[in-house]
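Input: a single structure, listed below in structure tokens.
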Amino acid sequence: MPSLEEIMQMAQNAQAELQKAQDNLDKIEVEGQSGGGLVKIKASAKGRIIGVSIDETLLVPAEKTMVEDLIAAALNDTRAKADQAAAAEMQKMSSTLPMPPGFQMPF
């Protein structure tokens with residue numbers, strides 16, 4: 001069984017790795033879309049919106065409500081993909097850390 005000092009060192013290493021993984025999330029880009037690609041949203045896996053693309057065929061005053069709905073749907077799609085990318089990155093990070101038996105990371 002590891003000593004208290006070894007456990008504390010493991011915890012500090014885990015915290016440093018977790019912070020590094022969190023910082024990397026802002027470098028991972030995902031793209032969500034709606035309307036068959038008429039509206040696209042790019043974001044980081046951390047959830048920061050990087051860009052919005054709206055097909056010019058939608059830029060008609062009569063289509064305002066539809067465009068608003070498509071933007072909301074694209075944002076939701078992007079958020080889901082960002083969450084998925086973040087979870088995958090956190091899982092990858094946690095699998096490389098040496099943990100004592102039964103130790104669970106808080107995610």
Side-chain angles (χ1 to χ4, degrees):
M1 178 151 161
S3 70
L4 181 58
E5 187 175 305
E6 290 171 326
I7 292 173
M8 292 299 291
Q9 184 61 43
M10 283 184 208
Q12 287 174 345
N13 290 344
Q15 185 177 11
E17 287 296 318
L18 180 60
Q19 183 60 48
K20 190 166 93 175
Q22 286 285 332
D23 293 342
N24 285 337
L25 292 180
D26 208 38
K27 297 174 185 167
I28 298 171
E29 289 186 14
V30 295
E31 181 178 89
Q33 57 179 300
S34 65
L38 293 174
V39 175
K40 298 177 184 177
I41 309 284
K42 280 189 181 181
S44 72
K46 207 168 188 173
R48 181 176 56 88
I49 301 299
I50 297 167
V52 176
S53 172
I54 301 172
D55 189 280
E56 62 185 43
T57 60
L58 294 175
L59 301 178
V60 179
E63 301 297 334
K64 180 182 182 298
T65 302
M66 182 178 67
V67 172
E68 291 169 347
D69 291 343
L70 288 172
I71 290 171
L75 282 167
N76 289 330
D77 186 42
T78 304
R79 183 72 232 174
K81 289 178 180 176
D83 290 345
Q84 196 173 38
E89 189 69 16
M90 291 292 112
Q91 178 62 35
K92 184 170 50 171
M93 183 279 306
S94 67
S95 69
T96 63
L97 294 174
M99 295 291 163
F103 186 79
Q104 296 290 322
M105 291 294 286
F107 48 81

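Nothing fancy with the numbering, it's 1 onward along the sequence. Bear in mind that the values here come from a model prediction, so they are computed numbers and not experimental data.
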**OP:** Can you measure from CD (Glu63) to CG (Leu38) and round to the nearest 0.5 angstrom?
**Re:** 10.5 Å
**OP:** With rounding to the nearest 0.5 Å, note down the distance linking CD in Gln22 to CD in Gln19.
**Re:** 6.5 Å
**OP:** Give, for atom NZ of Lys81 and atom CD of Glu29, the distance between the pair rounded to the nearest 0.5 Å.
**Re:** 13.5 Å
**OP:** Quick one: pull up CG in Asp83 and CG in Leu25 and give me the separation to the nearest 0.5 Å.
**Re:** 10.5 Å
**OP:** Nearest 0.5 Å please: distance from the CG atom of Leu18 over to the CG atom of Asn13.
**Re:** 12.5 Å
Subject >> Pairwise distance CG(Asn24) to CD(Glu89) - rounded to 0.5 angstrom >> reply: 6.0 Å
Original post:
Would the number of heavy atoms belonging to other residues, nucleotides or ligands and lying under 6.0 Å from CE of Met8 be above 12?
Top reply: no
Original post:
Of all heavy-atom pairs between Ile28 and Ala85, which one has the smallest distance, and what is that distance?
Top reply: CG2-CB, 4.2 Å
Original post:
Considering the options Leu75, Leu70, Ile71, Asp77, which one meets the side-chain contact (heavy atoms from CB on, under 4.5 Å) requirement together with Ser34?
Top reply: Leu70
**OP:** Please answer: with hydrophobic residues joined when any side-chain heavy atoms are less than 4.5 Å apart, are Ile54 and Val60 in the same cluster?
**Re:** no
Original post:
Okay, side chain of Thr78, backbone of Ile41: is any donor-acceptor separation there less than 3.5 Å?
Top reply: yes
Subject >> Taking every non-hydrogen atom, the tightest pair across Arg79 and Gly47 >> reply: NH1-CA, 3.1 Å
**OP:** Keeping the roles fixed (side chain from Glu6, backbone from Ser3), state whether a donor-acceptor pair exists under 3.5 Å.
**Re:** yes
Subject >> Donor-acceptor contact present, side-chain Asn76 to main-chain Ala72, <3.5 Å >> reply: yes
Original post:
CD of Glu68: more than 12 outside heavy atoms within 6.0 angstrom?
Top reply: yes
